[in-house]
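Numbered from 1 within each chain, the chains take letters A, B, ... in sequence-line order.
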2 protein chains.
Amino acid sequence: MAEGSERDVIASIERGFAVLLAFDADLPAPSLAEVATKTGLSRPAVRRILLTLQKLGYVNASGSRWSLTPRVLTIGQHYAASHAISEVAQPHLLRLAELTHESASLSQLDGTGVVYVARVHVRRVMSLNVDIGSRVPVHATSMGRVLVAWADASVIEQVIEDGLPALTPTTVTDPVAFRDALHEVRQQGFALVDGELEPGFLSAAAPVRNPAGDVVAALAYSTSRGRTDVQHVLDDVVPHLLDVAASIQRDLAVVTTGRRTLAPGARDGFF
Amino acid sequence: MAEGSERDVIASIERGFAVLLAFDADLPAPSLAEVATKTGLSRPAVRRILLTLQKLGYVNASGSRWSLTPRVLTIGQHYAASHAISEVAQPHLLRLAELTHESASLSQLDGTGVVYVARVHVRRVMSLNVDIGSRVPVHATSMGRVLVAWADASVIEQVIEDGLPALTPTTVTDPVAFRDALHEVRQQGFALVDGELEPGFLSAAAPVRNPAGDVVAALAYSTSRGRTDVQHVLDDVVPHLLDVAASIQRDLAVVTTGRRTLAPGARDGFF
DNA sequence: ACCTCCTGTACGCTGTGCGTACTACTTGTA
DNA sequence: TACAAGTAGTACGCACAGCGTACAGGAGGT
């Protein structure tokens, strides 16, 4: 059902996003020609697309260089506005951060990747710039393990098929070991990953379920090996983690089953 | 130059974004037909667009309801990756938040609106959900006043033409008074807005300039009238604000004029 | 049994958006 | 100075992408 043949895909829209996403750390302010070579599109096509995106306010030309405008940041707001979870979770993240004195985050599965949807950072932990919208690999993070552990079998297959690159010497890269790790996560009800994403980076995550019982998000605590150790996380942090995850789950159930109103007064007189 | 006639705008891309942005708090999980009526497009057209967006991973169908996926949050990452300012400003925002014990934020002008590009929130200040990517009205916020005060005259005209709605009883709504307020901002080098966006909400903002001297962002401090008063902000906060804004400006100059490398090691082994 | 909502599909026509080919400008180099 | 190599902008005609109309098939609801 709803398969959608090739006939039902609009190439221009794909091209439009290809151009929008061509703006990158590698190419922060490209010329038209650079975008064309990067995307493989013809220059006139890129020109038309850039002019369209400019009309929509997402890019701007200064001289012969093009760059993104802050408006691209507003696109994500539509996700937050249409999904209660990030808003519901916010106070709970704050509580977790206060309980543990470390950063707390909530993430969701996106294909075979993990995307942060809410976050409270206590201090600048790492070189990694993890903010809302950041993507992290699914196989080497506690959040990813949680999200995949309870996902459809097809997702697990796809993740393994995508490959399990070694990001540190201790990253689990063997498919069998990875499946074992997922099994362990299901058994114990949470995931703990120690230095598999980046040396010294330690994190734990717990599942957050919707009323139907599906795991829709992962709540995570993250810290550095320098500040704490695995035993402390297991003894003192995980109970808080599970407790806060349960609270989010409870609030989420209220919001989604009850009336879908998010502080009605908040929107009025604002925008 | 580079005007771009109507001939050079790709309607399909406009339609694609129209559908993507149709997902809203009002319509978090619409049916195909609902999207069609909201956007004014035909149902088959909307179907094609949704299938395209689904292929790109931005929307997903569950039953006959469609919803955004967390992937839309990643679009904004391309802005952060291609503009040093948000990353550069982050530690400074943290410092400002620590100095003042209140939320600190950085925002940029987008057309005639203001968009938060970086933020450190100290506590849950208000009902307002102000996060990265949020848009706030330009005329009733200290950040907006700063950004507009030093913008092209055409921007000021456009803001006034857009209208200056009264969001609280004290909002400046008279064009002449608004121009006076901007003049005052230019004179004193910062903006202070007291309860014009929401009663009891108090904020101050200072400009951040690029090496060419253009105001490219506004650094803001925000609090509630219940916790402090105008005099304290003027005496104790504004000096910090100006100081931190100068620091951001300095770091920004180094990054943009020097080599455009943002912690090269941070990207490797990450994604 | 009806009616009304929905989605999915077929199909032929229109005109959008494509690329090729060319012009015009700027910058660096011989 | 003149050429080369880069850039952006423009024109134009053709092809087919994507459009909407029209219809079929389900799922509730009365």
Side-chain angles (χ1 to χ4, degrees), chain A residues 1-24 26-56 58-69 82 212 257 260, chain B residues 1-24 26-56 58-69 82 260:
Chain A
M1 57 168 82
E3 193 52 30
S5 69
E6 275 305 309
R7 185 69 192 274
D8 291 322
V9 167
I10 296 171
S12 299
I13 293 178
E14 294 186 290
R15 278 190 282 260
F17 279 100
V19 168
L20 191 69
L21 302 182
F23 292 80
D24 206 339
D26 311 331
L27 219 53
S31 67
L32 197 158
E34 284 171 335
V35 176
T37 52
K38 177 154 188 179
T39 57
L41 300 170
S42 71
R43 278 203 305 283
V46 169
R47 186 182 130 82
R48 281 188 287 265
I49 294 168
L50 285 174
L51 289 172
T52 307
L53 294 175
Q54 183 180 43
K55 186 186 173 197
L56 296 173
Y58 295 121
V59 303
N60 220 325
S62 63
S64 70
R65 305 257 115 197
W66 294 81
S67 59
L68 297 180
T69 71
S82 59
T257 59
R260 181 83 182 67
Chain B
M1 59 168 80
E3 194 51 33
S5 69
E6 274 306 307
R7 184 69 191 275
D8 291 323
V9 167
I10 296 172
S12 299
I13 293 179
E14 292 186 291
R15 279 190 283 259
F17 278 100
V19 167
L20 191 69
L21 302 181
F23 292 81
D24 208 340
D26 312 331
L27 218 53
S31 67
L32 197 158
E34 283 172 332
V35 176
T37 53
K38 177 153 186 178
T39 56
L41 301 171
S42 72
R43 277 201 303 284
V46 169
R47 183 181 134 81
R48 282 188 286 264
I49 294 168
L50 285 173
L51 290 172
T52 306
L53 293 175
Q54 183 181 42
K55 186 186 171 196
L56 296 174
Y58 295 121
V59 304
N60 220 325
S62 61
S64 70
R65 304 259 118 197
W66 295 79
S67 60
L68 297 180
T69 70
S82 59
R260 181 86 182 64

Practice task
Taking Watson-Crick and G-U wobble pairs with both distances under 3.5 Å, convert DNA chain D into its dot-bracket string, 5' to 3', dots for unpaired and | for cross-strand pairs.
Solution key: ||||||||||||||||||||||||||||..

Problem - pair A/V9-B/R48: side-chain heavy atoms closer than 4.5 Å - result: no

Problem - D/dA17 OP1/OP2 closer than 4.0 Å to side-chain N/O of A/S12 - result: no

Handout entry: N/O (side chain, A/S42) to phosphate O (OP1/OP2, C/dT20) under 4.0 Å
Key = no

Practice task
Report yes if at least one side-chain N or O of A/S31 is closer than 4.0 Å to OP1 or OP2 of D/dG6; otherwise report no.
Solution key: no

Completion exercise
Interatomic distance, CD1@A/I49 vs OG1@A/T39, rounded to 0.5 Å, equals 7.0 Å

Handout entry: Reported CG-to-CD distance for the pair B/L53 and A/E14, which is rounded to 0.5 angstrom
Key = 10.0 Å

Problem - Contact under 4.0 Å: B/R43 side-chain N or O vs C/dG8 OP1/OP2 - result: no

Exercise for the section: Would you kindly give the CZ-to-C1' distance between B/R65 and C/dC6, to the nearest whole Å? Expected result: 10 Å

Exercise for the section: Figure out the CZ/C1' separation between A/R47 and C/dT20, and round it to whole Å. Expected result: 16 Å

Problem - B/L51 CG to D/dA17 P, straight-line distance once rounded to whole Å - result: 17 Å

Practice task
Quickly work out the B/E34 CD to C/dC6 P distance and round it to whole Å.
Solution key: 7 Å

Problem - Approximate separation, where rounding is to 0.5 Å, of B/F17 CZ and A/L20 CG - result: 5.0 Å

Fill in the blank from the handout: From CG of A/L41 across to P of C/dG17 the rounded distance in Å is 14 Å

Exercise for the section: Take the protein atom CG of B/L32 and the nucleotide atom C1' of C/dT9, then report the distance between them rounded to whole Å. Expected result: 13 Å

Exercise for the section: Check the distance between D/dG9's P and B/D8's CG and give it to me in whole angstrom. Expected result: 10 Å

Handout entry: Separation of atom CH2 in A/W66 from atom P in D/dT7, rounded to whole Å
Key = 15 Å

Exercise for the section: Using only side-chain N and O atoms of B/R48, determine if any of them is under 4.0 Å from OP1 or OP2 of D/dG18. Expected result: no

Handout entry: A/A33, nearest nucleotide to its side chain (from C/dT7, D/dT21, D/dT7)
Key = D/dT7

Practice task
Select one nucleotide: of C/dT7, C/dC18, D/dC19, the one nearest the side-chain heavy atoms of A/A45.
Solution key: C/dC18

Completion exercise
Winner on side-chain proximity to A/I10, out of D/dC19, C/dG19, C/dC18, is D/dC19

Exercise for the section: Please determine if a side-chain N or O atom of A/R15 lies less than 4.0 Å away from the OP1 or OP2 oxygen of C/dC18. Expected result: yes

Practice task
With the side chain counted from C-beta on, respond yes when B/R15 and A/I10 share a heavy-atom pair under 4.5 Å apart, and no when they do not.
Solution key: no

Problem - Min side-chain heavy-atom separation A/R47-A/L51 under 4.5 Å - result: yes

For residues 27-37 of chain A, which side-chain donor-acceptor pairs fall under 3.5 Å, sequence neighbours excluded?
unit_1: A/S31; atom_1: OG; unit_2: A/E34; atom_2: N; d: 3.2
unit_1: A/E34; atom_1: OE1; unit_2: A/S31; atom_2: N; d: 2.9
unit_1: A/E34; atom_1: OE1; unit_2: A/R65; atom_2: NH1; d: 3.4
unit_1: A/T37; atom_1: OG1; unit_2: A/A33; atom_2: O; d: 3.4
unit_1: A/T37; atom_1: OG1; unit_2: A/E34; atom_2: O; d: 2.9

